[in-house]
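This report refers to the structure that appears directly beneath it.
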Amino acid sequence: MQSTEAAPGLEDTDRSTDGSTPDRSATDRGTTNPSAPDRSATDRGTDPRATDRSTQTPRGDALTRTRHPTQDTAPTPSLADLRHHLTTHLDPAARIWLDHVLDEAAAHPGIHGPISVWELRLAEAGRRCGAAHADAARVLILDAAQAGIDALTRVYFQGTADERRAVLHALPHLVSGPGALPLIEDALRTNDTRLLSAAVGPYTARHLTAHAWRHAVLKCLFTGVPVDHVADLPRRAAGDGELARMLADYAAERTAAGRTVPEDLHRVLDLTESVTPAPVTDHPHGKES
């Protein structure tokens, strides 16, 4: 009997973060659902005058809190980890199918014609490997096919929400520079919590600009995506006064509207008050004298 334990670091493909079915129409359009929560606090982050108020925003009752423990996001599993997990947990028929598909993709990598054979296999992965293992299987197929930015972009924009999520999970393994950020930016415009969870992974932590990253964190807060999914959160949030201002504004708005302030907001706010010390060197340019 095939194990249903999800691959380490990858989400179950059939459930959104809050247990509800996400708005697939918003995902397919790559636009935000008009019924999404109030984003005025986020939008004010683009106001150049707002920065001047960053140290003056009163927190008041909205942010009265105790310190909240935080923990780093679990390390992203390597491709070898994913392969070992699937070898261990797939039933024999699924393992045979995956081995064949990976060999097939490796023999015919890249894009061929209107659709490559390995692209068809991405669509089959859920049925062949089961929902709990489909993300990991798709990431391995993309790697075997040596999918570059052009191939990943095609799969992302032509694929289902499941295939889009697999592309996002594959980015830190397959793309070294910021060239795939348009895919991240598109995912962050949706209200599909599964896409959002995948979009704030290690690739985003490495390459997304500070301004866009702050908005991604707030998007997680008002869509209910746990901030544990935000890769490298402690490092990027440390000492970020502008993020603290945006969080305070958002908390004040929710309190004024009689709504609760997410516990995760306090956790991120605590992180903004910490500072990561810079390495000490004897030379102004980082070299010993």
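It should be emphasised that the depicted structure is a prediction, and the values quoted were computed from it without experimental measurement. Residue numbers run from 1 in the order of the sequence given.
- Using a 4.5 Å cut-off on side-chain heavy atoms (C-beta onward), Val117 and His108 make no contact.
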(Q) Applying side-chain contact (heavy atoms from CB on, under 4.5 Å) to Val227 and Glu263, what does each step give before you reach the verdict? (A) CA-CA 10 Å; Val227 295; Glu263 186 73 10; over 6 Å; no

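- Leu181 is not listed as a side-chain neighbour of Thr209, based on a closest heavy-atom distance of 4.5 Å or more.
- At distances below 3.5 Å, not a single donor-acceptor pair connects side-chain atoms of Arg254 with backbone N or O atoms of Arg259.
- Listed here is the closest heavy atom pair of Gly126 and Arg138: N-NH2, 3.5 Å.
- Contact record, Ala244 with Thr272: CB-OG1, 3.5 Å, taken as the closest heavy-atom pair.
- Transitive grouping of hydrophobic side chains (ILVMFWY, heavy atoms separated by less than 4.5 Å) keeps Ile111 and Val155 in distinct clusters.
- For the pair Cys129 and Ala94, the tightest heavy-atom approach, listed with the atom from each and the gap, is CA-CB, 4.4 Å.
- Between Asp162 and Arg165 there is a salt bridge, since a side-chain N of the basic residue sits under 4.0 Å from a carboxylate O of the acidic one.
- No single ILVMFWY cluster, assembled from side-chain heavy atoms under 4.5 Å apart, contains both Ile115 and Val101.
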Q.
Before you tell me yes or no, could you show the steps for Asp240 and Arg236 under salt bridge (Lys or Arg N to Asp or Glu O under 4.0 Å), namely the whole-Å CA-CA distance, both residues' side-chain angles and the distance that decides it to 0.1 Å?
A. CA-CA 8 Å; Asp240 192 334; Arg236 290 210 60 166; over 6 Å; no

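- In this structure, the side chains of Arg206 and Pro172 come closer than 4.5 Å at one or more pairs of heavy atoms.
- Counting only heavy atoms from C-beta outward, the side chains of Leu188 and Leu208 approach each other to under 4.5 Å.
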Q.
Apply side-chain contact (heavy atoms from CB on, under 4.5 Å) to residues Glu119 and Glu163 and explain how you reach the verdict.
A. CA-CA 10 Å; Glu119 294 179 73; Glu163 291 161 17; over 6 Å; no

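- With a 4.5 Å cut-off on side-chain heavy atoms, Leu218 and Met246 count as touching.
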Q) What do the steps show when you test Asp150 against Thr153 for side chain to side chain donor-acceptor pair (under 3.5 Å), and what is the final call? A) CA-CA 5 Å; Asp150 288 345; Thr153 299; 5.6 Å; no

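- Taken from CG in Asp192 to CZ in Arg164, the straight-line distance is 9.0 Å, to the nearest 0.5 Å.
- Residue Phe222 holds its CZ atom at 12.0 Å from CG of Leu265, rounded to the nearest 0.5 Å.
- Between atom CG of residue Leu195 and atom CZ of residue Arg189 there is a gap of 12.0 Å, rounded to the nearest 0.5 Å.
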**Q.** Audit row: Val200, Cys220, side-chain contact (heavy atoms from CB on, under 4.5 Å) steps and yes/no
**A.** CA-CA 9 Å; Val200 291; Cys220 288; 4.0 Å; yes

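- Below 30°, between 30° and 60°, or above 60°: for His89 and His133 the angle between ring planes is between 30° and 60°, a tilted geometry.
- Within the 4.5 Å cutoff, side-chain heavy atoms of Asp186 are placed close to those of Tyr156.
- Contact between Val139 and Leu82 at its shortest, heavy atoms only, is CG1-CD1, 3.9 Å.
- Leu243 has its side chain within reach of Trp213: a pair of non-hydrogen atoms, C-beta onward, lies under 4.5 Å apart.
- Between the NE2 atom of His84 and the OG atom of Ser78 there is a distance of 10.5 Å, given to the nearest 0.5 Å.
- A distance of 5.0 Å separates OG1 in Thr223 from CG in Leu196, rounded to the nearest 0.5 Å.
- Ion pairing between a basic and an acidic side chain is recognised when a charged N comes within 4.0 Å of a carboxylate O; Asp91 and Arg95 show no such pairing.
- A donor-acceptor pair under 3.5 Å links the side-chain atoms of Tyr203 to the main chain of Ala180, judged by distance alone.
- The pair Arg83-Asp99 counts as a salt bridge, with a side-chain nitrogen and a carboxylate oxygen less than 4.0 angstrom apart.
- Closest heavy-atom contact between Ala144 and Pro109: O-CB, 4.5 Å.
- Counting heavy atoms from C-beta on, the side chains of Glu104 and Trp118 never come closer than 4.5 Å.
- Remark: Leu221 CG to Leu247 CG distance equals 6.5 Å, nearest 0.5 Å.
- Among the candidates Val175, Leu174, Leu171, the single residue satisfying the side chain to side chain contact (heavy atoms under 4.5 Å, CB included) test with Ile149 is Val175.
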Q) Yes or no on side-chain contact (heavy atoms from CB on, under 4.5 Å) for Glu124 and Trp97, after CA distance, side-chain angles and deciding distance? A) CA-CA 10 Å; Glu124 293 180 47; Trp97 178 84; 3.4 Å; yes

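- Clustering ILVMFWY residues whenever any of their side-chain heavy atoms sit less than 4.5 angstrom apart, transitively, puts Leu140 in a cluster other than the one holding Ile96.
- Distance alone, capped at 3.5 Å, places no donor-acceptor pair between the His169 side chain and the Ala199 backbone.
- Other residues, nucleotides and ligands place more than 12 heavy atoms under 6.0 Å from the NE2 atom of His112.
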Q.
What verdict does the salt bridge (Lys or Arg N to Asp or Glu O under 4.0 Å) test give for Asp135 and Arg194, after you've listed the backbone C-alpha separation in whole Å, the side-chain angles of each residue and the deciding distance to 0.1 Å?
A. CA-CA 11 Å; Asp135 276 356; Arg194 299 171 302 165; over 6 Å; no

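- Across every non-hydrogen atom of Pro226 and Asp264, the tightest pair is CA-OD2, 3.4 Å.
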